[in-house]
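Below is one structure, written out as structure tokens; the observations come after it.
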Amino acid sequence: MADFLNDLNDKQREGATQTEGPTLIIAGAGSGKTRVLTYRVAQLMQQDVDTFRIMCLTFTNKAAREMRERIEKLVGTNARDLWMGTFHSIFARILRFDGNRLGYESNFTIYDVEDSKSLLKSIIKELNLDDKLYKPGAIFSRISSAKNSLISPQAYQEDPVFYEHDLAARRPETGKIYQIYANRCFRANAMDFDDLLYQTNVLFRDHPDILHKYQHRFRYLLIDEFQDTNISQYLIVKRLSAVHQNICVVGDDAQSIYAFRGADIRNILNFERDYPDLKTIKLEQNYRSTQNIVKAANSLIVHNRNQLHKEVWTSNAEGEKIAIIKAGTDSEEARLVATSIFEQRNLHGLPFNDFAVLYRTNAQSRALEEAMRRANIRYRIIGGLSFYQRKEIKDIIAYLRMAVNPQDEEAIKRSINNPKRGLGNTTMNKVLIASRAHDVAVWEVVRAPDKFLKLPTRTVNVLESYATMIEAFGIAAKEKDAYTVASLIAKESGLVKMFFDDDTLEGKNRYENVQELLNATREFVDNPDNENKKLSDFLQEVSLITSGDEASEDEDAVTMMTIHAAKGLEFPHVYAVGMEEELFPSSRMLESREDLEEERRLFYVAITRAKQRLTLSYALQRYMYGNLRPCEPSRFLYELEPTLLNTYQPGRASGAAVSRDPITNFIRHQQERKNKQNVTDATKPIQNKHFQPDDYKEIEEDMRVEHPKFGIGTVKMIDRNHTGRRALIDFDKVGDKTLILSFAKLRIHYE
DNA sequence: ATACCACTTGCCTGC
DNA sequence: CAAGTGGTAT
């Protein structure tokens, strides 16, 4: 029965079998953490814990699906009652049940980022604020981080710290916008992504009976990728586990890469503080990668200061060294990567599925796609503009949303004059103003315009016929399955005809995409795993799609995606491209050490995706904003242990200034760079663009610092009486030196 | 009300 | 380079 546990090593088994009490599993990359979670759930089920008492939170829907399948295989029973899914989908479900206690109807809409920004844009306009200063995106991220820290609109407006911050950014009205935004979402019976967590917290906080219900229902809580949870998520699980304390979190602080959307690494670093009885298990053996890859990853991550100690090791083969590709331009880089993939495939008879190309930004995919097409390499792109973000799809979805929740203001705006019905901005503005003046949902005005304002008869008729149509859709949505309703709506709304009548290539494409959407609803309805097949269920699933959900591995193709999207995945052959300063690390991440460390963790994630072979590439010039700009190799490349990188082979391209060998030697580049530096050092002390000294005021005793000439050393003493501060530094290579801090260019060295 | 064109703006990452 | 905006002609 329980013999499946033999598949695990000692540490893993400990993690899988010690099911009671709070547990923290620190799991290095490739150490089998998903496996432990899977086996732990299987173990619980073996112990006759009712499946519906287990909640397991994953980072993507795909991970949840796969884990469920593996569990079913292990225990041989159906795991349908298991509450397994992403934070957002699980808590959206709870809010559908009990959100009425907060005044939401169970058919609430989930606003995506575009909806949120569009709403903010109209609020900013209504308040007559300067849209140069009040950028919807900037306001949105303020609101988002407020919600993720559980700051209500009211608390936000009363807090002087937020006010000062917004005032400094010349956006003093941000708090007011937040308040109006929240009101408008509520009136539209809509929640944004952050609300799904925020409102769950409010629900649990203000309605103890409901919290009590769920606390007693879920006896076991398991959370994957815990390093990427935010405060709001953490508080939910803390509340839920308060009674039974059976909370098991699994994560790797070295792979925390979502701070920009509120993830707080302190959740994992401080977990012990909240659970004094905590049992901590470290998984340090890597089963995924070669020794060279593991070592390279380790050599990089030691440069981060903020981390838990762990030593990831592997007993796998040494493997190939890390290859470095140096290219002239981004398009050459793409071509060299394509060539390399092609060669490797032919050389070893590998499927394209074995290869992944990872980049920092989605914009980088363009050049790569072109190169792949030219080299006749099949590829699939994960992320980027997803199917559901396409204009024509959003057009249809707006109607589907209206059918489920006609209060949905953003859906009204999108659908009311599309296809064209002669309802332009003028009318719409009047409607919006009336809805605000009477404090009713926009829908109420649209449905009965005469009650609220004066409009030409013709316009009133158009509005009324639109409303009648939506109401008919609404009735259909209640009675029929998602596919039937979606087909009806596509036809009756006139959108299908509109796309069909468009004879351009683009129009044809759109028409096909709409058909594709209808296929998706059909598949949704036909899928036996889906218990509920209504349109509202379909929309719920669509709005909470996570990156990678749409990918199918049926076709043999190279996978291309951002490093963020690659989290949790692995490939035999990985190419990480665009290893350049300002791109990776991103230019926006150079300011603070925290940001830079996050970029480094991101690179760590990229490296550790590779099982057998890792190739890194960079270009000397790259197109940006439509023109070619010079680039420098990423500082991260210099942080890798040089002996792990593939070395220059003198037999090939000897002596030549420009190598014809496509895989040119990074070491040589590094050498050239060093030589150049030394020359400059002799004449002008420090003119190294790369060497950015830290503010000398930050340097303190016992710190490790780096001097461009003397190298790395330890600060032994600082004489603060001396003007400009004098410091005694013991350099590893040249011994003691006394330097005037305000003159010496020193960089703080974190190790 | 709408269609089209010149002009500006910005490329992180994503539930 | 490409999406979005604002102005103008129809």
Side-chain angles (χ1 to χ4, degrees), chain A residues 57-64 85-92 110-118 121 125 131-132 135-138 140-141 144 147-148 191-198 225 228-230 232-233 256-263 330 358-367 382-386 388-389 391 417-429 456 458-459 462 540-549 561-567 578 580 582-590 595 598-599 601-603 605-606 622-629:
Chain A
L57 300 167
T58 58
F59 201 74
T60 64
N61 296 307
K62 193 174 160 221
T86 63
F87 269 92
H88 289 86
S89 65
I90 295 282
F91 294 109
I110 298 171
Y111 274 179
D112 65 15
V113 180
E114 269 191 64
D115 296 319
S116 298
K117 284 186 185 164
S118 146
K121 202 176 159 183
K125 207 170 160 194
D131 57 2
K132 292 262 179 338
K135 297 232 166 76
F140 180 67
S141 75
S144 174
K147 278 189 192 157
N148 286 331
M191 296 201 202
D192 65 20
F193 290 133
D194 303 313
D195 277 331
L196 297 175
L197 309 170
Y198 177 86
E225 308 282 9
D228 284 317
T229 52
N230 60 37
S232 182
Q233 290 167 319
S256 170
I257 55 174
Y258 278 100
F260 71 89
R261 70 174 201 217
D330 51 353
L358 310 181
Y359 34 79
R360 175 70 238 265
T361 68
N362 280 309
Q364 287 166 261
S365 75
R366 172 184 298 273
I382 312 279
L385 256 184
S386 96
Y388 289 98
Q389 289 171 324
K391 192 185 159 297
N417 194 33
N418 180 29
K420 303 268 181 292
R421 302 189 170 92
L423 283 167
N425 283 335
T426 324
T427 307
M428 204 49 206
N429 276 337
R458 195 188 56 87
T459 314
V462 178
Q540 155 98 357
E541 184 167 297
V542 163
S543 53
L544 296 177
I545 282 175
T546 51
S547 171
D549 288 353
M561 66 194 134
T562 64
I563 302 166
H564 281 92
K567 184 166 100 144
E580 295 137 37
E582 314 240 296
L583 182 61
F584 194 20
S586 158
S587 54
R588 304 189 186 189
M589 291 296 192
L590 301 174
D595 283 345
E598 171 138 323
E599 292 285 287
R601 289 192 294 269
L602 188 58
F603 186 28
V605 169
R622 180 175 297 276
Y623 271 100
M624 250 183 182
Y625 300 125
N627 40 14
L628 211 52
R629 289 176 32 162

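Heavy atoms only: backbone and side chains are in, while hydrogens, waters and symmetry mates are out. Reminder, nothing fancy here: chain letters follow the sequence lines and each chain counts from 1.
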Residues two or more places apart in sequence or in another chain: which of them pass side chain to side chain contact (heavy atoms under 4.5 Å, CB included) with [X]?
X        : value
A:Lys391 : A:Asp395, A:Arg414, A:Arg510
A:Tyr623 : A:Asp330, A:Leu628
A:Ala263 : A:Asp228, A:Tyr258

Comparing A:Lys135 and A:Thr361 on DNA chain B - which has the more 5′ nearest nucleotide: A:Lys135
Suppose we screen for side-chain hydrogen bond (donor to acceptor under 3.5 Å, both in side chains). Which residues come up paired with [X], at least two apart in sequence or across chains?
X        : result
A:Arg421 : A:Tyr399
A:Thr361 : A:Gln364
A:Ser365 : A:Glu369
A:Ser118 : A:Glu410

Gap between atoms CD1 and P, on A:Ile563 and B:dG14 respectively (whole Å): 11 Å
Length of the CZ-C1' vector between A:Phe87 and B:dG14, whole Å: 16 Å
What does [X] touch in the nucleic acid at a heavy-atom separation under 4.0 angstrom: a base, only the sugar-phosphate, or nothing?
X        : result
A:Lys567 : nothing
A:Leu197 : nothing
A:Met589 : base
A:Ser386 : nothing

Between the protein and nucleotides 2-4 of chain B, list every N/O to N/O distance that falls short of 3.5 Å.
from	atom 1	to	atom 2	distance (Å)
B:dT2	OP2	A:Asn417	ND2	3.2

Stems where DNA chain C pairs, listed by first number, each of three or more Watson-Crick or G-U pairs under 3.5 Å: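 Paired runs of 3+ in DNA chain C: B:1-10 with C:1-10.
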Close side-chain approach of A:Ser89 to A:Asn61, heavy-atom, < 4.5 Å: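 Yes, close enough: below the 4.5 Å cut-off.
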Inter-nucleotide C1' distance (B:dC11, C:dG6), Å rounded: 24 Å
C:dG4 to B:dT13 separation - P atoms, rounded to the nearest Å: 15 Å
Distance-only donor-acceptor test, A:Arg261 side-chain atoms vs B:dT13 base atoms, 3.5 Å: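 Per atom types, no contact qualifies.
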Under a 3.5 Å distance rule, please check whether [X] uses its side chain to pair with a backbone N or O of [Y] as donor and acceptor.
X        : Y        : value
A:Ser141 : A:Ala138 : yes
A:His564 : A:Ile257 : yes
A:Asp192 : A:Asp112 : no

Residues A:Arg601, A:Glu598; criterion salt bridge (Lys or Arg N to Asp or Glu O under 4.0 Å); working and verdict: CA-CA 5 Å; A:Arg601 289 192 294 269; A:Glu598 171 138 323; 3.2 Å; yes
Nearest of [options] to any side-chain atom of [X]?
X        : options                : result
A:Thr86  : B:dT13, B:dA1, B:dC15  : B:dC15
A:His564 : B:dG14, B:dC11, B:dC15 : B:dG14
A:Ser547 : B:dG10, B:dC15, B:dG14 : B:dC15

List, with names and distances, any nitrogen or oxygen atoms from the protein found under 3.5 Å away from nitrogen or oxygen atoms belonging to nucleotides 1-3 of chain C.
from	atom 1	to	atom 2	distance (Å)
C:dC1	N4	A:Tyr625	O	3.4
C:dA2	OP1	A:Arg366	NH1	3.2
C:dA2	OP1	A:Arg366	NH2	3.2

What's touching nucleotides 6-10 of chain C from the protein side, N or O pairs under 3.5 Å?
none

Partner set under ring-ring contact (aromatic ring centres under 6.0 Å, His included) for A:Phe584, not counting sequence neighbours: A:Phe603, A:Phe636
A:Asn627, CG: over 12 other non-hydrogen atoms inside 6.0 angstrom: yes
